[in-house]
There are 2 protein chains.
Amino acid sequence: MAKYQEVIGWITERIDSGALAPGMKIPSENELCSQFRISRQTARHAIGRLEAKGILTSRRGSGTYVSDLHVQTTANRQKRIAVITTYVDGYIFPRMIQGIESKLNDYGYSMQIAFTNNTFERERSILEDILQHDDIAGMIVEPTKSALPNPNLDLYRELISRRIPMLFVNSYYPELNCPHVSMDDRKCAYRAVKMLTEHGHRKIGCILKLDDGQGHARYSGYLQAMKEAGNQIHDDWIVWLDTEDLAHMEENREKICRRLKECTGIFAYNDQVAVEVIRFLGEKGIRIPEQMSVVSMDDSDLAQMNGMGLDSVPHPKEKLGAKAAENLVHLIHNAQYGATHEFEEDITVRSSVSNITAGEQ
Amino acid sequence: MAKYQEVIGWITERIDSGALAPGMKIPSENELCSQFRISRQTARHAIGRLEAKGILTSRRGSGTYVSDLHVQTTANRQKRIAVITTYVDGYIFPRMIQGIESKLNDYGYSMQIAFTNNTFERERSILEDILQHDDIAGMIVEPTKSALPNPNLDLYRELISRRIPMLFVNSYYPELNCPHVSMDDRKCAYRAVKMLTEHGHRKIGCILKLDDGQGHARYSGYLQAMKEAGNQIHDDWIVWLDTEDLAHMEENREKICRRLKECTGIFAYNDQVAVEVIRFLGEKGIRIPEQMSVVSMDDSDLAQMNGMGLDSVPHPKEKLGAKAAENLVHLIHNAQYGATHEFEEDITVRSSVSNITAGEQ
DNA sequence: AATTATTTGTGCGTATGTATC
DNA sequence: AGATACATACGCACAAATAAT
């Protein structure tokens, strides 16, 4: 290894470790000479290389300084934000993306986007691509299967170590300690289930998603509402589904119908689940809301489609996307900014919940 | 002026003038020494500066060469495609975008996206942003109001002069002579209207969009089908709407109902228009298809929503997006590639068209 | 306000190593 | 194998800008 490369290594290490902060003066050429026992030309060679890279700045008569990090980042990293979501087509996603893009645009940022289809493989290849180019100013990520151990945390950590501001939406990876913008899933679920208990329902089942963090948070809201109302909870009434189940709901048809047979009310993970369940019940001749009350979350288009009048807690969609974009921009300008925000929404009342009569209980 | 700067000036001038073309070898260090009567260190200093900038490349034992210009440009322009569409939320857009992203990803490209909301102002600021950064490998653009004179053609022409491969989707700007991937709007509209004529309809009205190129092409398909069936065409039966009208359909309610009063069939520009018109008719007690047959285009979710069984010519959505992405990638590798493709689709038959009885004619 | 020490910038000489042709 | 060309390294001298005295 060449001597000048040793010097380069020593300086870059000290910068990375923080011993040499941006703006600080590095040892003078002569000091490096005696320190490394090299000639001044060799020291100059090392400094020259780092100066060409933009890492150091020399001022004649004064010294050589570590470049201001801000100058470096704004030069390298353009005003482009990488957005990663699970899906784009349908449900709440287009409107959330619309909210992100629109607000980012207000702040002069452009948006680069990719979709994981809720698979770890795609998430990994997207992150690898971003790491390879390393030319973005920040990231907004909707987690993939956030309730399962994520095999791509190494890449997320690498991005964080490169000081790329990162903000999660809808859910978050608890291991990463990054800010997130989402619904307050626990509280919103609590309100949805409370809607049922206030209408006299005691036997309330729920269908949840097991691989998303939201599923766990919403479960906790369900438990709270049930406990508060003094309702008993049967494990049989709680159905856990994963992403793959949602794509093949027919397979779970019998299980769901059997498990919820005794219930008078159902809390569905989201509108997509609610619509399927209502269809299953309808095929068995069970009418909503007369024979079964249903509450759900997200208040998507589905909640009003096909004559559906589903009571659902609205996902803020554009509003959430815009808030995420806004907070990320703040985070870019101030790494200490408290960017986490959770929306508390009230359930939109339509016609999928009825009062329980005494006889039914 | 420093001696090494004179050398730098001499070399850069010879590169700019073309005397030193990319890939050519520059004089050796020793030759520069005698030529400028300088020491070898000074010559090395000059070469080192230019090497750091990426203008020269030294190869030990061989010589110093002018950097291949191609290497420079591909280093700048990463594998990122800029996508511009009018909207993202709802209708056919999410699925089209999904198709683009997925296929681009297969080819190793990432996607940067922005939405014009079908306004020239936003389109302009998006294009300005792209021009400023100049770091994309190609563009996929859904035109904004393609049937109206576009005030942003200067920016498109600037992008084209920078040899950025560009492909349009859904429609195109006729002034630009760029390839496009879209439906064959004329032929698809022809088939939709033919569906009505084959069911005996003679008095067929249509509601078209005047500011999109598709509106004009679909009108031409309508004319062809009507002419072929020997049907008379009344100007009164043809209603032209623009983007702003679509956002305030109520304002056009009376006009539409009056104009189409005598018709037995309607060809709607797309499902969004069809749904509104069917709602207007329903409010006047006119039943579909008994009293009025309706055909439409795009076959979006709307065509099956709310008990609708709309006969509609399907927009290829994902398929179209994927084809656009694929053809753009071909265009990037071969500027002469014939990237234009028009999909011919057959109408999806549901239940919004009925046979005309002799008495009704 | 002038002086002085420090620090980087420019320039030259020499020597040895190593890859290429 | 030898000539050529770049890579690394040390030595010195002086200029120009800066900072401290």
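A, B, ... follow the sequence lines: proteins, then strands. Residue 1 opens every chain. The figures that follow rest on heavy atoms only: side chains count, while hydrogens, waters and symmetry mates do not. The model shown is predicted, which means the values in this text are computed figures rather than measured ones.
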In whole angstrom, what separates A:Leu32's CG from C:dT6's C1'? 15 Å
Using whole Å, what does the distance between atom C1' of nucleotide C:dA15 and atom CG of B:Asn30 come to? 14 Å
Mind checking what makes side chain to side chain contact (heavy atoms under 4.5 Å, CB included) contact with A:Asn177, not counting sequence neighbours? none
Test of understanding: with salt bridge (Lys or Arg N to Asp or Glu O under 4.0 Å), list the residues that count as partners of B:Glu29, not counting sequence neighbours. B:Arg40, B:Arg44
Nucleotides 7-11 of chain D: which of its N/O atoms have a protein N/O under 3.5 Å away?
from, atom 1, to, atom 2, distance (Å)
D:dA7, OP2, B:Arg44, NH1, 3.3
D:dA7, O4', B:Arg60, NE, 3.4
D:dA7, O4', B:Arg60, NH2, 3.3
D:dA7, N7, B:Arg40, NH2, 3.2
D:dT8, OP1, A:Tyr4, OH, 2.7
D:dT8, OP2, A:Tyr4, OH, 3.4
D:dA9, OP1, A:Lys3, N, 2.4
D:dA9, OP2, A:Lys3, N, 3.3
D:dA9, OP2, A:Tyr4, N, 3.2
D:dC10, OP1, A:Lys3, NZ, 2.5
D:dC10, OP2, A:Ser39, N, 3.1
D:dC10, OP2, A:Ser39, OG, 3.4
D:dC10, OP2, A:Thr42, OG1, 2.5
D:dG11, N7, A:Gln41, NE2, 3.2

For A:Tyr65 and D:dA17, what is the distance between atoms OH and C1' respectively, to the nearest whole Å? 11 Å
Not counting sequence neighbours, list each pair that qualifies as a ring pair (Phe, Tyr, Trp, His ring centres under 6.0 Å) and has a residue in residues 98-143 of chain A. none
Tell me which pairs pass ring pair (Phe, Tyr, Trp, His ring centres under 6.0 Å) where either residue lies in residues 143-171 of chain A, with sequence neighbours left out. A:Tyr156-A:Phe168, A:Tyr156-A:Tyr173, A:Phe168-A:Tyr173
If the condition is ring-ring contact (aromatic ring centres under 6.0 Å, His included), which residues does B:Tyr65 pass it with, not counting sequence neighbours? none
